[in-house]
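First up is the structure itself, then whatever we jot down about it.
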Amino acid sequence: MRLITYSRAADAAAAIAAVSADPTSDFLAGGTTEVDLLRQNVLTPRRLVDINGLPLTGIDEAPDGGLRIGALARMSEVAASPLVRERYPVVAQALEAGASPQLRNMASMGGNLLQRVRCPYYRDAVSPCNRREPGSGCSAVEGFSRGHAVLGTSEQCIAAHPSDVAVALAALDARVHTLGRRGELAYGIDDFFLTPGHTPHREHPLEHGELITAIELPSAPIGRRSVYLKVRDRASYEFALVSAACALSLVDGTIADVRLALGGVATKPWRAHRAEGVLLGAPAHRDSFAEAARMELSDARTTADNAFKTELAQRVIVRALETLTVNGRTS
Ligand SMILES: Cc1cc2nc3c(=O)[nH]c(=O)nc-3n(C[C@H](O)[C@H](O)[C@H](O)COP(=O)(O)OP(=O)(O)OC[C@H]3O[C@@H](n4cnc5c(N)ncnc54)[C@H](O)[C@@H]3O)c2cc1C
């Protein structure tokens with residue numbers, strides 16, 4: 001049996017000081033990742049600092065028309081927020097497509113961003129896994145890899161990033177605000193998630209003890225017409241095989257602005273810059289959608305198990321774009 005010290009932080013400074021000072025400590029929010037992995041011996045903290053008493057729960061309007069979502073706001077609260085539903089339906093849809101109602105009531109937004117990969121070799125605590133134990137090897141490359149990534153992979157790791165809402169946040173250029181020993185920092189969402197490269201154990205740029213305080217959604221009128229499409233093995237309580245978060249605006253049947261990000265296919269929430277480049281200024285037509293999808297997946301590196309994702313991802317992109325356009329008009 002391992003002893004774990006549990007304490008409740010009175011304020012953010014105390015939480016940061018406690019975790020920063022002890023490399024064997026972790027923050028505890030909803031616990032739906034932390035406790036899960038602790039039970040499986042994948043995470044082995046000796047001290048848990050409960051941050052649920054900190055005042056980081058609000059969903060507030062920002063002066064620029066955007067929203068600031070507290071790191072401890074629960075997934076279900078954010079999904080139900082009228083402000084989120086009206087301004088960024090893609091965020092509400094991505095949240096509601098994730099986990100189960102019970103989990104969404106527990107799980108926080110900050111914890112969601114820091115959830116761990118669902119690769120079975122990472123989570124079994126014994127197989128070689130460069131992410132869990134640097135230098136030990138990657139069991140998925142030659143192993144069972146049906147759910148794994150085809151974009152942003154390296155020889156060291158091919159695990160897909162599991163979060164749904166992070167895909168929507170990637171499409172909307174969200175920013176992640178933190179507080180830590182270096183003071184207040186803000187990360188663009190694309191810089192927040194790291195591809196594995198040679199250091200798959202480094203999933204984000206945070207220092208140990210750096211606390212996520214909020215997620216900022218910048219003002220984005222395009223977000224009001226947006227959709228999250230998730231394809232998975234069963235209709236609920238399942239991670240994405242492929243997903244797409246998409247927002248789009250049209251002028252006279254031509255794509256004037258577009259945001260597209262993919263989930264389930266990449267080692268981080270994947271902003272589809274190539275596809276966006278093809279789509280901007282193109283007619284809102286299936287042919288443009290298909291070409292954009294083909295371009296985005298052209299660098300896919302597959303295994304025998306997950307090769308189907310290349311075709312599936314292209315279909316999901318086309319379907320998401322079609323969902324937002326009807327006869328050359330935004331739907
Ligand atoms: C069965 C199951 C199914 C799921 N299905 C989905 C799904 O379909 N889609 C999806 O997106 N997710 C899914 N999830 C993941 C779930 O959304 C995450 O577990 C949850 O969002 C994590 O939030 P939490 O508050 O419980 O975090 P915790 O478990 O408390 O923390 C997770 C990690 O983040 C750290 N942390 C937490 N808050 C902060 C903070 N403010 N600052 C810095 N570090 C912090 C913790 O130290 C820990 O390392 C599923 C989970 C389970 C168990």
Side-chain angles (χ1 to χ4, degrees), residues 4 6 9 12 15-16 18-20 22-40 42-57 69-79 91-118 123 147 160-170 176-181 184-185 187 192-193 201 203-215 228 230-243 245 263-264 269:
I4 298 172
Y6 168 89
I16 293 161
V19 175
S20 299
D22 180 357
T24 69
S25 62
D26 276 338
F27 295 122
L28 180 69
T32 62
T33 287
E34 186 73 24
V35 176
D36 226 12
L37 293 181
L38 191 154
R39 286 194 180 127
Q40 294 171 57
V42 175
L43 299 179
T44 54
R46 298 222 193 98
R47 173 203 279 239
L48 288 177
V49 177
D50 187 332
I51 56 173
N52 287 293
L54 305 184
L56 302 174
T57 52
I69 299 172
L72 287 168
R74 267 36 198 184
M75 288 169 70
S76 52
E77 288 172 57
V78 179
V91 171
Q93 290 169 22
L95 286 165
E96 286 177 339
S100 66
Q102 294 87 345
L103 282 160
R104 297 196 292 269
N105 285 339
M106 287 292 289
S108 66
M109 293 296 288
N112 187 294
L113 300 187
L114 297 186
Q115 65 176 288
R116 305 303 204 277
V117 296
R118 308 305 289 193
R123 298 179 83 90
H161 195 277
S163 171
D164 287 298
V165 73
V167 181
L169 299 178
V176 181
H177 291 261
T178 67
L179 185 61
R181 286 185 299 189
E184 285 184 31
L185 292 174
Y187 302 87
F192 185 79
F193 296 106
H201 58 288
E203 300 181 345
H204 51 73
L206 301 187
E207 275 188 349
H208 184 69
E210 192 170 339
L211 180 73
I212 300 175
T213 52
I215 296 165
Y228 187 71
K230 177 174 178 177
V231 175
R232 48 191 157 168
D233 279 332
R234 55 184 178 199
S236 75
Y237 201 35
E238 185 56 278
F239 288 86
L241 286 171
V242 177
S243 69

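Note that this is a predicted model, so its numbers are computed, not measured. When a ligand or atom number is given, it counts from 1 through the structure's own listing order.
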Please report whether ligand 1 has a polar contact with [X], defined as an N or O pair separated by less than 3.5 Å (distance criterion only).
X: Leu28; value: no
X: Thr33; value: yes
X: Gly30; value: yes
X: Tyr237; value: no
X: Arg118; value: no

Examine distances only and state if a side-chain atom of [X] and a backbone atom of [Y] form a donor-acceptor pair shorter than 3.5 Å.
X: His208; Y: Asp22; value: yes
X: Lys230; Y: Gly264; value: no
X: Ser25; Y: Val19; value: yes
X: Arg104; Y: Ala79; value: no
X: Glu238; Y: Asp233; value: no
X: Ser100; Y: Tyr237; value: no

Looking at [X], which atoms of ligand 1 are within less than 4.0 Å of one of its heavy atoms?
X: Leu103; answer: 1 (C), 2 (C), 3 (C), 52 (C), 53 (C)
X: Gly98; answer: 7 (C), 8 (O), 9 (N)
X: Ala29; answer: 25 (O), 30 (O), 37 (C), 38 (N)
X: Asp36; answer: 53 (C)
X: Lys230; answer: 8 (O)

Would you mind telling me which of Val49, Val35, Ile51 makes a side-chain contact (heavy atoms from CB on, under 4.5 Å) with Leu28?
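Only match with Leu28 under side-chain contact (heavy atoms from CB on, under 4.5 Å): Val35.
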Taking side-chain contact (heavy atoms from CB on, under 4.5 Å) as the criterion, tell me which of Ile69, Val91, Ile215, Val78 meets it with Val165.
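Of the listed options, the one satisfying the test is Val91.
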Have a look at ligand 1 and work out which part of [X], if any, has a heavy atom under 4.0 Å from it: side chain, backbone, both or neither.
X: Glu238; result: backbone
X: Leu43; result: neither
X: Arg116; result: side chain
X: Leu72; result: neither
X: Gln115; result: side chain
X: Ile51; result: side chain
X: Met75; result: side chain

Reported [atom1]-to-[atom2] distance for the pair [X] and [Y], which is rounded to 0.5 angstrom:
X: Met109; Y: Ser163; atom1: CE; atom2: OG; result: 8.0 Å
X: Phe239; Y: Asp164; atom1: CZ; atom2: CG; result: 8.0 Å
X: His161; Y: Arg116; atom1: NE2; atom2: CZ; result: 10.0 Å
X: Phe27; Y: Arg47; atom1: CZ; atom2: CZ; result: 11.5 Å
X: Ile212; Y: His177; atom1: CD1; atom2: NE2; result: 11.5 Å
X: His204; Y: Leu113; atom1: NE2; atom2: CG; result: 10.0 Å

Non-hydrogen atom of [X] closer than 4.0 Å to ligand 1:
X: Arg74; result: no
X: Glu210; result: yes
X: His208; result: no

Considering non-hydrogen atoms of the protein only, which is the closest contact for [atom], and what is the distance?
atom: atom 8 (O) of ligand 1; result: Ala99 N, 2.9 Å
atom: atom 25 (O) of ligand 1; result: Ser108 OG, 2.6 Å
atom: atom 41 (N) of ligand 1; result: Ile212 O, 3.0 Å
atom: atom 28 (P) of ligand 1; result: Gly31 N, 3.4 Å
atom: atom 14 (N) of ligand 1; result: Phe239 CZ, 3.6 Å
atom: atom 9 (N) of ligand 1; result: Asp164 OD2, 2.7 Å
atom: atom 27 (O) of ligand 1; result: Gly111 CA, 3.4 Å
atom: atom 47 (O) of ligand 1; result: Phe27 O, 2.6 Å

Take a 6.0 Å sphere around CZ of Arg118 and say whether it holds more than 12 heavy atoms from other residues, nucleotides or ligands.
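Count over threshold, so yes.
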After noting the C-alpha distance and the side-chain angles of Gln115 and Asn112, does the key distance pass the side chain to side chain donor-acceptor pair (under 3.5 Å) rule?
CA-CA 5 Å; Gln115 65 176 288; Asn112 187 294; 3.3 Å; yes
Start with the C-alpha distance between Leu179 and Ile16, add both sets of side-chain angles, then the distance that settles side-chain contact (heavy atoms from CB on, under 4.5 Å), and finish with yes or no.
CA-CA 8 Å; Leu179 185 61; Ile16 293 161; 3.6 Å; yes
Between the candidates Leu114, Leu48, Ile16, which shows the shortest non-hydrogen contact distance to atom 34 (O) of ligand 1?
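It is Leu114 whose heavy atom sits nearest to atom 34 (O) of ligand 1.
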